[in-house]
S.K.: 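This is the structure I want to talk about, given as structure tokens.
Given the structure is predicted, the values throughout are model-derived calculations rather than measurements. Order of the sequence lines sets the chain letters (A, B, ...), proteins ahead of strands, with each chain counted from 1.
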Amino acid sequence: MGEIFAIIFGAIFINNFVLSRFLGICPFMGVSKKVETSLGMGMAVIFVMGMASFVTWLLEYYVLVPNQLEYLRTIVFILVIASLVQFVEIVIRKASPTLYQSLGIFLPLITTNCAVLGMAILNIQLGYNLFEAVVFGVAAAVGFTLALVIMAGIRERLEFVFVPKHFQGVSIAMIIAGILSLAFGGFKGMM
Amino acid sequence: MSVMSEFSKGIIKENAVFRLMLGLCPILAVTTMAEFGLGMGIATTAVLICSNLVISLMRRIIPTKVRIPSFIIIIATFVTMVDMLLNAYLPALHAQLGIFVPLIVVNCIILGRAEAFASKAPVSHSLADGLGIGLGFTLSLTLLASVRELLAAGSIFKINLLGAAYEPFMVFGSPPGAFLALGLLMALVNMLSKKYKLE
């Protein structure tokens, strides 16, 4: 139980995917202008990363390793993630149009979200078992969502303050992310 | 546009990092030392040139509906090759870049150039475009990595520049420093490009 807790806490706070591992920076900068949209994006990422961690782990240990095809990992994983995203999109559109309205537009963006592929590869490199891999996938996505929502909250307020001309846009967002990352660095002492 | 201008636009005017804000994950992650930044830049450029070439050659064969998966397979093939070559010939660099070598697949610059340029342009233009954008990306990575290495260790490419008395600015070697350094560099680039009217 302690190990599972360590994985969850580590993935959300200590090695936060965005602020410490630098995965998923593009959506972090792109979809963090409003809290509402960032929450939608976060939910979609949690959903896809939970499923992707499960599927890629099974593929690695039941298809790639027995056939000594580990060198195809990158190609296989990215294809699986891309088709999984398509599949999830189709299912959600049929099953729940309301959910599709809130998550739908974010789903195609997730294919090129490096957090998903990065998580799948990290799961293999860290040698997790299936349960740990899924826990790590979901926890990493929760960490991503947390960072995204905090960032969106700050950027919403940023609209009302004076920002020097040359710092406007991504530049000031990067500096805010730096300060956030410093704050998250404080969690390092807890483990 | 001529081949030459396709090449030169990628270096400053359409610089992937500072102008188009693409490829931000690797630029933050691997720029702790100048040599890692340069290595990552060259690896990405190699993939970009090869994928631009192949996609441009096959642009009439690939059906429009399945073009994105086709591009991803082509890109992933070259990434796997670069990954194995780095592992064989430069194992130390490969270990330092870690998962960011396979993650070149999802670097939005490469898929972006495939979709926006190579799938519509002739081979010579696509090659020039890949080379230019790749060079611009490599220069940005090396620039940021040099600034961070200089502040965090007082050296660039492991050549000590600031002498033994320099007190290292440790934060620039750690994740927060990556964000801060890139944010400040972006502001500087904005200022310079306004001043010299590059818009």
S.K.: For the residue pair A:Glu60 and A:Glu70, what are the closest heavy atoms and their distance?
M.R.: OE2-CG, 4.0 Å
S.K.: Counting only non-hydrogen atoms closer than 4.5 Å, does A:Arg21 touch chain B with its backbone (N, CA, C, O), its side chain (CB onward), both, or neither?
M.R.: backbone
S.K.: Side chain, backbone, both or neither: which part of B:Val189 has an atom under 4.5 Å from a heavy atom of chain A?
M.R.: neither
S.K.: Taking every non-hydrogen pair under 4.5 Å, which of A:Val170, A:Ile172, A:Ile121, A:Ile179 racks up the most with chain B?
M.R.: A:Val170
S.K.: Could you walk me through whether B:Ser140 and B:Asn15 pass side-chain hydrogen bond (donor to acceptor under 3.5 Å, both in side chains), step by step?
M.R.: CA-CA 8 Å; B:Ser140 327; B:Asn15 185 293; 3.2 Å; yes
S.K.: If you count heavy-atom pairs under 4.5 Å with chain A, which of B:Gly23, B:Ala29, B:Ala178 comes out on top?
M.R.: B:Ala29
S.K.: Below 4.5 Å, heavy-atom pairs only: which of A:Ile81, A:Ile78, A:Leu122 has the largest tally toward chain B?
M.R.: A:Ile78
S.K.: Identify the heavy atoms of B:Ser5 and B:Ser2 that sit nearest to each other, and give their distance.
M.R.: OG-O, 3.0 Å
S.K.: Above 12 or not: heavy atoms from other molecules or residues under 6.0 Å from CD of A:Gln125?
M.R.: yes
S.K.: Decide, yes or no, whether a salt bridge links B:Glu115 with B:Arg67 under the criterion of side-chain N to carboxylate O below 4.0 Å.
M.R.: yes
S.K.: Do A:Phe22 and B:Phe179 have ring centres separated by under 6.0 Å?
M.R.: yes
S.K.: With a 4.5 angstrom heavy-atom cut-off, which part of B:Phe18 approaches chain A: side chain, backbone, both or neither?
M.R.: neither
S.K.: Quick one: what part of A:Leu79 sits under 4.5 Å from any heavy atom of chain B, side chain, backbone, both or neither?
M.R.: side chain
S.K.: Would you say B:Phe78 and A:Tyr71 are hydrophobically clustered, going by side-chain heavy atoms of ILVMFWY under 4.5 Å?
M.R.: yes
S.K.: Could you tell me which portion of B:Thr77 (side chain, backbone, both or neither) has an atom closer than 4.5 angstrom to a non-hydrogen atom of chain A?
M.R.: both
S.K.: Let me know if B:Met84 has heavy atoms under 4.5 Å from chain A in its side chain, its backbone, both or neither.
M.R.: side chain
S.K.: Please determine, among A:Ala177, A:Ala183, A:Ala82, A:Ala173, the option with the most heavy-atom pairs under 4.5 Å with chain B.
M.R.: A:Ala177
S.K.: For A:Phe13 and A:Phe9, take the angle between the two ring planes, folded into 0 to 90°, and tell me which bin it lands in: parallel under 30, tilted 30 to 60, perpendicular over 60.
M.R.: tilted
S.K.: So for B:Cys108, is it side chain, backbone, both, or neither that comes closer than 4.5 Å to the heavy atoms of chain A?
M.R.: side chain
S.K.: Might you point out which heavy atoms bring B:Leu141 and B:Ile27 nearest each other, and give the distance in Å?
M.R.: CD2-CA, 3.5 Å
S.K.: In terms of heavy-atom pairs under 4.5 Å, which option from B:Leu28, B:Leu180, B:Leu24 contacts chain A the most?
M.R.: B:Leu28
S.K.: Select one option (side chain, backbone, both, neither) describing which atoms of B:Leu184 are under 4.5 Å from chain A's heavy atoms.
M.R.: both
